[in-house]
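Some notes on the structure that comes next.
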Amino acid sequence: QMALVQNQLLCSFSSCSSWLPQRVPLRGNHWQSSLLELRTSLPVRAQPKKKKKVDVKKEQAQKERMKKKIKKLEKAAPELIPIEDFITPLKYSESNRVRSLPALSPEESERRVLLLKKWSLFKQKQDEAEKKAIKALVESQQEALKELRLESEELYQAAIRRDEALFPFERDGPSYTPPLPGYDPPEGKCIDITKVYTQ
Amino acid sequence: DALLGCHRSYRSRPTHGIGKFKYLLPKELPKRRKEKVQMKEIDAGTEYQYGDVNIQMTSYDLCLVEHFAQYVHRLCNRLSIRVNESYAMPTKTNEVLFLEERGSKMQLDAILTTHQRVVQIRGLSSTFAPILLEVIQSNQPEGVHLSVKQHTEADFKSRLKSRPELEELRAQMS
């Protein structure tokens with residue numbers, strides 16, 4: 001078994017292209033003094049020392065080159081990924097087709113203007129109601145905190161503190177229809193085809 | 001220059017400044033250097049105030065999410081909450097395939113684009129935070145997923161382009 005192991009080592013050292021399973025070990029590697037002892041395979045001579053120096057220098061030079069490359073790349077400022085929403089595709093700006101709208105009758109335009117006015121009034125009322133509600137909430141909160149302060153200072157301080165459990169907060173938007181009870185969706189998969197930008 | 005640097009004082013003469021024309025041309029603004037994208041300092045916040053908070057709105061519908069983001073921004077302006085930034089995250093595109101009833105081939109159903117908008121606020125007081133959340137929730141449109149988180153460096157880095165070469169070299173170094 002040892003012989004086979006040594007055989008493999010010898011083959012790798014002497015750079016044989018084909019590994020021949022042989023019982024007789026190859027003696028191509030003259031660094032190895034004996035077949036059975038692997039530890040004495042590195043004799044103490046001048047040549048391997050030179051190899052070490054050159055290797056160390058080469059490694060140092062390589063490292064410096066890599067550091068220089070890294071510095072050069074780091075100099076360039078990081079860029080933000082361009083957002084596809086804000087880039088209009090070319091096909092919408094190339095064509096010259098123009099939409100031809102039908103002419104509106106005066107009653108129709110009158111009706112539209114009045115509708116817009118009613119809608120703006122409705123929205124204004126909605127906005128005012130929201131502002132009022134926020135004000136009322138804040139006022140009632142402040143009153144409650146005042147009362148709490150009169151009750152006990154400790155509880156007041158604890159109530160004023162920020163809530164760590166509040167974030168992260170997640171909520172799905174409301175849906176038009178509730179989910180169907182016995183719905184069996186078809187099998188499928190989702191592939192992410194987002195374009196990956198690299199600098 | 002030659003006129004004013006001249007030792008002969010003809011400033012009193014009506015021919016003073018003859019030949020000047022640069023004052024007639026439109027003013028050229030100095031060239032603005034491209035501002036480097038740098039991460040701003042993240043505020044941690046005190047005990048009674050939250051630091052940098054990100055309100056992220058995600059949806060498949062672009063117009064809805066844009067309008068909701070605008071609404072949230074205006075709401076914060078009205079309630080005098082400082083808004084650091086209001087930006088868009090890159091869009092994600094997904095291809096949805098489903099298995100046909102008869103047959104083993106996957107059929108293309110649709111290509112969906114997910115859009116996300118972020119409104120970053122600072123200095124939200126602890127007593128006002130639940131009120132703000134209530135208001136935003138009550139106005140949340142259909143299909144828009146709301147998420148409120150603290151801002152982290154990782155959130156900022158996700159907006160930047162990846163640099164595979166730099167990372168490779170860094171991995172080789174260590």
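Every chain is numbered from 1 and lettered A, B, ... according to where its sequence line falls, protein lines coming before strand lines.
- Among B:His115, B:Lys157, B:Met89, the residue with the largest count of heavy-atom pairs under 4.5 Å with chain A is B:His115.
- The nearest pair of heavy atoms linking B:Gly51 to A:Arg162 is N-NH1, 3.9 Å.
- No side-chain heavy atom of B:Ile136 sits under 4.5 Å from any side-chain heavy atom of A:Arg171.
- The hydrophobic cluster containing A:Leu145 also contains B:Tyr48, counting ILVMFWY residues as joined when their side-chain heavy atoms lie under 4.5 angstrom apart, directly or transitively.
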**Request:** Evaluate the criterion side-chain contact (heavy atoms from CB on, under 4.5 Å) for residue pair B:Thr127 and A:Ile160; output intermediate values, then yes/no.
**Result:** CA-CA 6 Å; B:Thr127 47; A:Ile160 287 276; 4.2 Å; yes
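- Both the backbone and the side chain of B:Pro90 come within less than 4.5 Å of a heavy atom of chain A.
- Within a 6.0 Å sphere centred on CD of A:Glu153, other residues, nucleotides and ligands contribute more than 12 heavy atoms.
- Heavy atoms closer than 4.5 Å to chain B are found in both the backbone and the side chain of A:Glu84.
- In terms of heavy-atom proximity, A:Ile134 sits nearest to B:Val135 at CG1-CG2, 3.8 Å.
- Considering only heavy-atom pairs separated by less than 4.5 Å from chain B, the leading option among A:Lys67, A:Lys72, A:Lys131 is A:Lys131.
- Enclosure of atom OH in B:Tyr60 is not indicated, since only 12 or fewer non-hydrogen atoms of other residues, nucleotides or ligands lie within 6.0 angstrom.
- At a 4.5 Å heavy-atom cutoff, B:Thr114 makes no contact with chain A through either its backbone or its side chain.
- By the rule that hydrophobic residues join a cluster once side-chain heavy atoms approach within less than 4.5 Å of another member, A:Leu148 and A:Leu137 end up as members of separate clusters.
- For a residue to count as touching a neighbouring chain, one of its non-hydrogen atoms must lie under 4.5 Å from one of that chain's; by this rule B:Leu75 touches chain A with the side chain only.
- Distance check, rounded to the nearest 0.5 Å: OG1 of B:Thr58 to CG of A:Asp172 gives 9.5 Å.
- Heavy atoms of A:Ala133 lying under 4.5 Å from chain B are absent altogether.
- For B:Gln137, the parts sitting under 4.5 Å from any heavy atom of chain A are the backbone and the side chain alike.
- Heavy-atom neighbours of B:Lys92 NZ from other residues, nucleotides or ligands within 6.0 Å: at or below the threshold of 12.
- Surrounding CZ of A:Phe86 are more than 12 heavy atoms belonging to other residues, nucleotides or ligands, all under 6.0 Å away.
- With respect to A:Lys69 and B:Glu168, no salt bridge is recorded, no charged nitrogen being found less than 4.0 Å from a carboxylate O.
- Taking both residues in full, the closest heavy atoms of A:Glu170 and B:Ser147 are given as OE2-OG, 3.5 Å, listed atom of the first, atom of the second, then distance.
- Only the side chain of B:Arg78 comes within contact range of chain A, with heavy atoms under 4.5 Å apart.
- Ranking A:Gln62, A:Glu187, A:Arg161 against chain B, the residue ahead of the rest is A:Arg161, based on heavy-atom pairs under 4.5 Å.
- In the hydrophobic clustering of this structure, A:Ile81 does not group with B:Leu160; members are Ile, Leu, Val, Met, Phe, Trp, Tyr whose side-chain heavy atoms approach within less than 4.5 Å, directly or through other members.
- Only the side chain of B:Leu133 comes within contact range of chain A, with heavy atoms under 4.5 Å apart.
- In this structure, the side chains of A:Leu166 and B:Tyr50 come closer than 4.5 Å at one or more pairs of heavy atoms.
- Contact tally against chain B (heavy-atom pairs below 4.5 Å) for A:Pro78, A:Pro168, A:Ala159: the top residue is A:Pro78.
- Contacts with chain A were tallied for B:Ser59, B:Pro141, B:Ala129; B:Pro141 has the most, counting heavy-atom pairs under 4.5 Å.
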**Prompt:** Does the side-chain contact (heavy atoms from CB on, under 4.5 Å) test come out yes or no for B:Arg163 and A:Leu73, once each step is laid out?
**Reply:** CA-CA 9 Å; B:Arg163 295 162 131 184; A:Leu73 284 173; 5.8 Å; no
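- Between B:Gln140 and A:Pro174, the closest heavy-atom pair is O-CD, 3.7 Å.
- At a 4.5 Å heavy-atom cutoff, B:Met57 makes no contact with chain A through either its backbone or its side chain.
- Closest of all the heavy-atom pairs between A:Met66 and B:Leu169 is SD-CD2, 4.0 Å.
- At least one side-chain heavy atom of A:Ile70 sits less than 4.5 Å from a side-chain heavy atom of B:Leu166.
- For chain B, the nearby part of A:Glu130 is the side chain; its heavy atoms alone come within less than 4.5 Å.
- By the 4.5 Å heavy-atom criterion applied to side chains, B:Arg170 and A:Glu74 are counted as neighbours.
- There is no contact between B:Leu132 and chain A, counting heavy-atom distances below 4.5 Å.
- More than 12 heavy atoms of other residues, nucleotides or ligands lie within 6.0 Å of CD in A:Gln126, so this atom counts as buried by the packing criterion.
- Hydrophobic clustering, with ILVMFWY side chains joined whenever heavy atoms are under 4.5 angstrom apart, keeps B:Val118 apart from B:Ile121.
- Here the CD-OH distance, from B:Glu142 to A:Tyr176, works out to 4.0 Å after rounding to the nearest 0.5 Å.
- Of the atoms belonging to B:Ser125, not a single heavy atom falls under 4.5 Å from chain A.
- The shortest distance between side-chain heavy atoms of B:Glu66 and A:Asp85 does not fall below 4.5 Å.
- A side-chain contact (heavy atoms from CB on, under 4.5 Å) with A:Lys189 is found for one member of B:Leu97, B:Leu99, B:Asn94 and no other, namely B:Leu97.
- Of the two parts of B:Asn54, neither the backbone nor the side chain holds a non-hydrogen atom closer than 4.5 Å to a non-hydrogen atom of chain A.
- Proximity to chain A is limited to the backbone of B:Val144, based on heavy atoms less than 4.5 angstrom apart.
- Cluster membership check: A:Tyr156 does not share its hydrophobic cluster with B:Phe128, using side-chain heavy-atom separations under 4.5 Å among Ile, Leu, Val, Met, Phe, Trp and Tyr.
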